Amino acid sequence: MQAFTVVEGLVAPIDRANIDTDAVIPKQYLKSVKRTGFGPNLFDEWRYLDHGEPGQDHSQRRQNPDFVLNQPRYQGAQILLARKNFGCGSSREHAVWALADYGFRAVIAPSFADIFFGNAFKNGVLPIQLDEEVVDRLFRDVDATEGYTLKIDLAAQSITAANGEVIGFEVDPFRKDCLLKGLDDISLTLQHADAIKAYEAHRSAQAPWLFAVA
Amino acid sequence: MAGKTLYDKLWEDHLVRADEDGTSLIYIDRHLVHEVTSPQAFEGLRLAGRDVWRRDSILAVPDHNVPTIDRQVIEDPVSRIQIETLDQNCADFKLVEFKMNDIRQGIVHVIGPEQGATLPGMTVVCGDSHTSTHGAFGALAFGIGTSEVEHVLATQCLILKKSKNMQVVVEGNVAPGITAKDIALAIIGQIGTAGGTGYVIEYAGAAIRALSMEGRMTLCNMTIEAGARAGMVAVDDTTVDYFRGKPYAPRDALWDQAVAAWSELKSDRDAQFDAVVHIDAASIKPQVTWGTSPEMVVTIDERVPDPAAETNVVKAEGMQRALEYMGLEANTPIQQIQVDKVFIGSCTNSRIEDIRAAAEIVKGRKLADNVKLAMVVAGSGLIKQQAEQEGLDKVFTDAGFEWREPGCSMCLAMNADRLEPGERCASTSNRNFEGRQGQGGRTHLVSPAMAAGAAIAGHFVDVRNLSAT
């Protein structure tokens, strides 16, 4: 997994609440058996005016000029700003893969859906939860300032604006550590293989029907 | 000391180890696998040279991509590759898979319980958010992403932090014609799609106890639409009776031992919940969603809401956008909304009880002229077979419905079953998001009886006024 230490980048705002993972990456792209290549289809139904299917040359498709990510001022954005309950709905990790493949390293919102929130950490994308008023102000600042950037420092748990203002954020210590080091958590868990085997021995004595091979 | 909730008990029963900060390793008893969210996980195992930790915990089935008309060919080559990839992964790692043409094939959340592969007291995971369905049996069941699928394949565990406890109490009895779907949508309408975020919900109260297992599955299925990763119902006689004779359920002495243990799977009388929500069952009417989020829901006798009456600006803008997407005018009576298509199916409402409820409305009637397509997609091959033995397929086909092969179908339109831009659908599925049933498609979530009523009338109707013919 790609580590996340410090990211300084352009902020793109999508001013909607309840952005669901169906909107982030529509179902027809879930047929891929790979983890990569989802970037061109991020927000596909909002981003393009024509219907998208896997295997198309997306550079030839009609872009929706009204969609925020298509506006010149937001090209190359690395930080996504959104409203509450971002990532609700389907568990599809493809949503995070699409955000990461497009170039987003962090999403800032007042709240996130639980499954999306966990998926993001596993792919080097940092979801940052801030108070609704702070997010509201960021929306106004981004709108007012072309080229608005933020610097996110995970170790320091701080967001610094171009004017020097610093906003702190909370992050779970275990997830922070994994993300800072780009750790593979399967290897971490396998360090406890003996504990897992001991659990199985104890549990299969207590509830043998859970271990009866059908 | 306060007693424990059902969730507390299930958590403790599966705790392998915990760090001081609460980061815990939780053991997974049952891992359900389907074709869409697993290929990258198997690929990850191969790349790391890892094997599956416990093969007999896994049951795999293709469901999202499968065609519902002709099962001999999958015309979409990308869908075909994904299903073939699942077949290959199950062969390579020696896992049990119910393949597409197996009578036991069906939607993963339907076949798990149907086979007794889901049991009370288990932890159940699947790379699918509607895994919450299995909580109906007093199990801790929740959806996971593909990285977690790989983690469970490799370690039989997940790294988790405990959620908070929420109790949703539905007191009293629902009126005739009110189903678990209406209860679920009424709850979401009350607490919102983020109302359950960070919580595990336990449903309680007389109206929940009165539900069949099918109804409890519908309710727990929709829990994720309220933002909670898992929903659950305590074990009672209804639960235990459901599993008698199921293929994967324990037998003989093991059955007796299991049933004795299952009787403990309920919250203690003095258990403390972090949040409690009360709903009066008698007040619940047939529900219809009008917008693009499940919380945008009203009752059949109401009108489409008016954003002008909403004081929260962000919310009002969201309502306005939803009205535009849905092609609706504010203040339109719900019963005047005409539908183009009707979908009865999905992991929410494709079980035998759902099909019977819809058939009861449809029997002896015909599809309305303005309904272009109405389809019934049973949740599994076995449900389809049972419905056919009861003659229900004839009830539907005589009325002009299509009777299809089992799968996820038009709930998410990954296969050929979809809405065309602008088409409006009465659907028994779980999500009315933009584009969910096809780009530009407009979804109204309803119960099976309400969907059947809309198919017959051509617009939404109050099924409580439609007696069986």
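Note that the structure is a prediction, hence the values are computed from the model and not measured. So you know, we letter chains A, B, ... as the sequences are listed, proteins then strands, and number each from 1.
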When the ring planes of B:Trp262 and A:Trp209 are compared, do they come out parallel, tilted or perpendicular, using 30° and 60° as the limits? perpendicular
So, B:Gln82 side chain and A:Leu30 main chain: donor-acceptor pair closer than 3.5 Å or not? yes
Under 3.5 Å donor-acceptor, A:Glu93 side chain and B:Ser147 backbone: yes
Find the one option among B:Asn65, B:Asp13, B:Leu15 whose heavy-atom pairs under 4.5 Å with chain A are most numerous. B:Asp13
In terms of heavy-atom contacts, A:Thr189 and B:His151 come closest through OG1-NE2, 2.7 Å
Only heavy atoms, only distances under 4.5 angstrom. Which residues in [range] are near chain B?
range: residues 33-55 of chain A; value: A:Val33, A:Lys34, A:Arg35, A:Glu45, A:Trp46, A:Asp50, A:His51, A:Gly52, A:Glu53
range: residues 112-128 of chain A; value: A:Phe112, A:Asp114, A:Ile115, A:Asn119, A:Lys122, A:Asn123
range: residues 58-67 of chain A; value: none

Check whether any side-chain heavy atom of B:Asp21 sits under 4.5 Å from a side-chain heavy atom of A:Pro173, and report yes or no. yes
So A:Leu210 and B:Met122, do their side chains get closer than 4.5 Å, heavy atoms only? yes
Flag the pair A:Asp184 and B:Arg50 as a salt bridge only when some basic side-chain nitrogen lies within less than 4.0 angstrom of an acidic carboxylate oxygen. yes
Looking at B:Arg431 and A:Asp20, does any basic side-chain N land under 4.0 Å from a carboxylate oxygen? no
Region of [X] that comes under 4.5 Å of a non-hydrogen atom in chain B:
X: A:Ser187; value: both
X: A:Ser111; value: neither
X: A:His202; value: neither

May I have all residue pairs that pass salt bridge (Lys or Arg N to Asp or Glu O under 4.0 Å) and include part of residues 123-138 of chain A, sequence neighbours excluded? A:Arg83-A:Asp136, A:Asp136-A:Arg140, A:Arg137-A:Asp141, A:Arg137-A:Glu165
Value rounded to 0.5 Å, distance of [atom1] in [X] from [atom2] in [Y]:
X: B:Arg321; Y: A:Asp15; atom1: CZ; atom2: CG; answer: 7.0 Å
X: B:Arg17; Y: A:Tyr199; atom1: CZ; atom2: OH; answer: 15.0 Å
X: B:Leu412; Y: A:Arg92; atom1: CG; atom2: CZ; answer: 6.5 Å
X: A:Ile186; Y: B:Leu45; atom1: CD1; atom2: CG; answer: 6.5 Å

Under 4.5 Å from any heavy atom of chain A, what part of [X] do you find: side chain, backbone, both or neither?
X: B:Lys315; value: neither
X: B:Glu35; value: neither
X: B:Val78; value: both

Check step by step if side-chain contact (heavy atoms from CB on, under 4.5 Å) holds for B:Val314 and A:Lys84. CA-CA 10 Å; B:Val314 174; A:Lys84 75 173 178 73; over 6 Å; no
